[in-house]
Amino acid sequence: MSLGEFELIAQLLRPLSLGYPGALELADDAALVDIPAGRQLVVAKDAMVEGVHFLADDPPASVGRKLLRVNLSDLAAMGAEPLGYLTALARPARIDDRWLRELVAGLAADQARFGLFLLGGDTTSTPGPLTLSLTILGTVPTGAALLRQGALPGDDIWVSGTLGDAALGLRILKGLAVPDEEGLVLIDRYRTPRPRLALGQALRGIAHAAIDISDGLVADLGHVLDCSGVGAEIEAAGVPLSAEARGVPRALLGALTGGDDYELLFAAPAEAAASVAAIGERVAVPLTRIGRITAEPGLRVLDAEGRPMSLQKPGWRHF
Ligand SMILES: [Mg+2]
């Protein structure tokens, strides 16, 4: 016997709204959100479909956490602070209440960790695959959001953390054999992104442009270049790989073109390099300079000998 829609909301979802009075305990038609004076609302939405964005046997709590975290990563890329979120859940018959309780437990853990509340939601049944959608709300001081546009020729290109781990984690879940010790770390990177909120906020006023790497370094840097009307040159050998990834075949290709890293990529003026490094220390996130913005359009990825590499697959596309 599975919970009906009203029981589901009352038992599972309402507790996630307590602590935000404007959510009205999810009992009204909509939530009321106050935006502090001098701040803008930042809104993003990401959907995840079973078999496309997560695997049917991924633990439900990790699916919930990933759903929240990929959206938080978009706030991070804008330099915003989280406020709240709304969910929509399209549930096939085989998803039972236990699965949903675990999903909600994952949301509960992470909303406490990142400081936001559920403001509303909807559930429906579906004859199709399990589909989860989350709309996130954040705020940023008016005019201070980091955008994809604004990168200037001569800017340094920086990335946070290490790249390619999540793509390797997915390959491992699909059968790539690696030693357990490395494999577990890489799978965790696929299932549990780390939204770089403190970094994004600290980069306000310093970075000229920013994006979170969800579709792969080459694809997402390409978005910044398109929006900014510039080009770039990056050195493949400078792309940061984790110790766990380094031993795996084709790790560099994954770092350049694999998705799901949810690290930040940003352009900052060369004069700001010392400030950027200090920010990395302060927020305890490794930052690596991987190249520079050029006036000449297009992206050139150079190998260790300085020759341009050709990349077959510029990034993960869902369609
Ligand atoms: Mg994004």
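Counting starts at 1 for both ligands and their atoms, in listed order. No experiment lies behind these values; they were computed from the predicted model shown.
The nearest N/O/S atom of D212 to the Mg ion (ligand 1) is OD1. Of all the N, O or S atoms in D74, the one closest to the Mg ion (ligand 1) is OD1.
For the residue pair S242/R189, the side-chain donor-acceptor check at 3.5 Å is not satisfied. Side-chain N/O atoms of S133 and K45 include a donor and acceptor closer than 3.5 Å.
The neighbour count for R250 CZ, taken as heavy atoms of other residues, nucleotides or ligands under 6.0 Å away, does not exceed 12. Heavy-atom neighbours of D57 CG from other residues, nucleotides or ligands within 6.0 Å: above the threshold of 12.
Here D220 does not reach the Mg ion (ligand 1): none of its N/O/S atoms is less than 2.8 Å from the metal.
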